[in-house]
Amino acid sequence: MGRLGPTEIILILVVVFLLFGAKKLPDMARSLGKSARILKSEAKAMKEESNTSTPPASGEQPPAQRTIHAAPGDVNSARPVNEPTDTTQR
């Protein structure tokens with residue numbers, strides 16, 4: 001018990017196919033791929049930001065506003081992002 005064989009996997013796929021229909025499955029897969037790309041780009045941006053993050057000096061301007069793209073080359077869903085400002089003293 002606890003192991004999924006090929007018969008069980010095929011049965012699960014058939015049930016999913018019947019529940020969601022052939023028309024919605026490609027749309028679901030597309031949106032899942034888009035979400036994965038967004039997550040990957042955000043994780044990469046956060047990693048780069050943490051590597052190069054230095055507090056600005058008192059006379060310097062804050063960094064320019066970033067733009068998040070949903071997918072590479074997708075300009076229709078791009079939106080500017082306001083960076084959080086840390087006003088607490090450490």
Side-chain angles (χ1 to χ4, degrees):
M1 187 168 152
R3 292 186 156 226
L4 291 178
T7 307
E8 289 85 6
I9 293 174
I10 291 172
L11 182 63
I12 291 170
L13 290 175
V14 167
V15 169
V16 168
F17 184 75
L18 290 174
L19 284 176
F20 295 107
K23 199 170 198 177
K24 291 204 178 205
L25 288 177
D27 293 336
M28 289 172 51
R30 192 174 302 114
S31 66
L32 183 64
K34 212 179 232 187
S35 299
R37 280 192 298 271
I38 292 170
L39 181 64
K40 184 179 176 183
S41 68
E42 285 297 315
K44 182 179 176 184
M46 286 177 63
K47 186 176 180 182
E48 289 174 357
E49 190 174 286
S50 67
N51 288 341
T52 61
S53 178
T54 56
S58 60
E60 291 182 17
Q61 293 180 349
Q65 193 174 31
R66 291 187 316 148
T67 301
I68 295 177
H69 298 282
D74 184 11
V75 294
N76 295 330
S77 61
R79 58 182 167 77
V81 177
N82 292 327
E83 295 293 330
T85 56
D86 187 8
T87 58
T88 59
Q89 297 294 325
R90 294 183 185 177

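Only this structure's heavy atoms are used, side chains among them; waters, hydrogens and symmetry mates stay out. Sequence positions, counted from 1, serve as the residue numbers for this chain.
In this structure, the separation between CE on M46 and CD on E42 is 8.0 Å, given to the nearest 0.5 Å.
Within the structure, every pair that satisfies the salt bridge (charged side-chain N to carboxylate O under 4.0 Å, His left out) test and touches residues 16-28, not counting sequence neighbours, is listed here: D27-R30.
Note: the hydrophobic cluster containing M28 also contains F17 (ILVMFWY, side chain heavy atoms under 4.5 Å, direct or indirect links). Note on L19: it does not cluster hydrophobically with L11, by side-chain heavy-atom contacts below 4.5 Å among ILVMFWY residues.
Grouped with L39 in a hydrophobic cluster is no other residue, since no side-chain heavy-atom contact under 4.5 Å to another Ile, Leu, Val, Met, Phe, Trp or Tyr is found. In the hydrophobic clustering, L32 connects to no other residue, as no ILVMFWY side-chain heavy atoms lie under 4.5 Å from its own.
Residues that satisfy the side-chain contact (heavy atoms from CB on, under 4.5 Å) test with V14, not counting sequence neighbours, are I10, L18. In this view, L13 and I9 satisfy the side-chain contact (heavy atoms from CB on, under 4.5 Å) rule, not counting sequence neighbours.
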